[in-house]
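Here is the structure we will look at.
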Amino acid sequence: SAPGRAQSENFLWAHLANPFLVLELAADAGREQLERQGAKLLAMLAAGLPEAASYPTPLGPHPRTDEMIRTALAELRDPDRRLIHEWWLRGFAA
């Protein structure tokens with residue numbers, strides 16, 4: 001059914017918005033690398049650089065916004081939330 005498919009797609013895209021994917025970082029990226037990458041992407045978006053406007057996912061490119069970058073940074077700054085995202089990313093890659 002269409003509503004079921006839409007719900008499945010929304011669930012899948014929510015998982016493809018994993019902070020590590022949004023920031024294009026590996027699960028073992030350190031805090032400094034995280035902050036540097038976030039700042040770089042925000043500056044690139046502000047400058048209108050097209051390569052910052054999307055990020056690669058297993059299902060193809062997905063649009064990236066400054067709000068997504070800020071949310072990703074906040075998620076990965078929280079050790080408990082970060083652990084969940086690391087677990088998900090490693091499971092997805094396997």
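From a predicted model like this one, the values you see are computed outputs, not experimental measurements.
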- Item | Separation of Met44 CE from Ile69 CD1 (nearest 0.5 Å) | 9.0 Å

- Near Glu51 CD, under 6.0 Å, is it more than 12 heavy atoms from other residues, nucleotides or ligands? yes

- Query: Just by modelled atom types, is the Val22 backbone N or O under 3.5 Å from a matching donor or acceptor in the Arg64 side chain?
  - Reply: yes

- Measuring from Asn18:CG to Thr57:OG1, what's the distance to the nearest 0.5 Å? 11.0 Å

- Item | Backbone of Pro19 reached by a side-chain donor or acceptor of Glu75 within 3.5 Å | no

- Item | Contact check, side chains of Phe20 and Asp28, non-hydrogen atoms, under 4.5 Å | no

- Output, in order, the C-alpha distance, side-chain angles, deciding distance and verdict of side-chain contact (heavy atoms from CB on, under 4.5 Å) for Leu89 and Glu86. CA-CA 5 Å; Leu89 188 66; Glu86 285 180 16; 5.9 Å; no

- Could you tell me which residues satisfy side-chain contact (heavy atoms from CB on, under 4.5 Å) with Glu32, sequence neighbours excluded, listed by chain and number? Arg36

- Distance (rounded to the nearest 0.5 Å) between Leu23 CG and Tyr55 OH: 10.0 Å

- Is there a side-chain contact between Arg82 and Arg77, using heavy atoms and a 4.5 Å cut-off? no

- Message: Do Pro56 and Glu24 make a side-chain contact, defined as non-hydrogen atoms from C-beta onward lying under 4.5 Å apart?
- Response: yes

- Would you give the length of the straight line joining atom CG of Asp78 to atom CD1 of Ile84, rounded to the nearest 0.5 angstrom? 8.0 Å

- Taking 4.0 angstrom as the limit, do Asp66 and Arg70 come out as a salt bridge? yes

- Query: Which distance, rounded to the nearest 0.5 Å, do you find between the CG of Leu76 and the CG of Leu83?
  - Reply: 11.5 Å

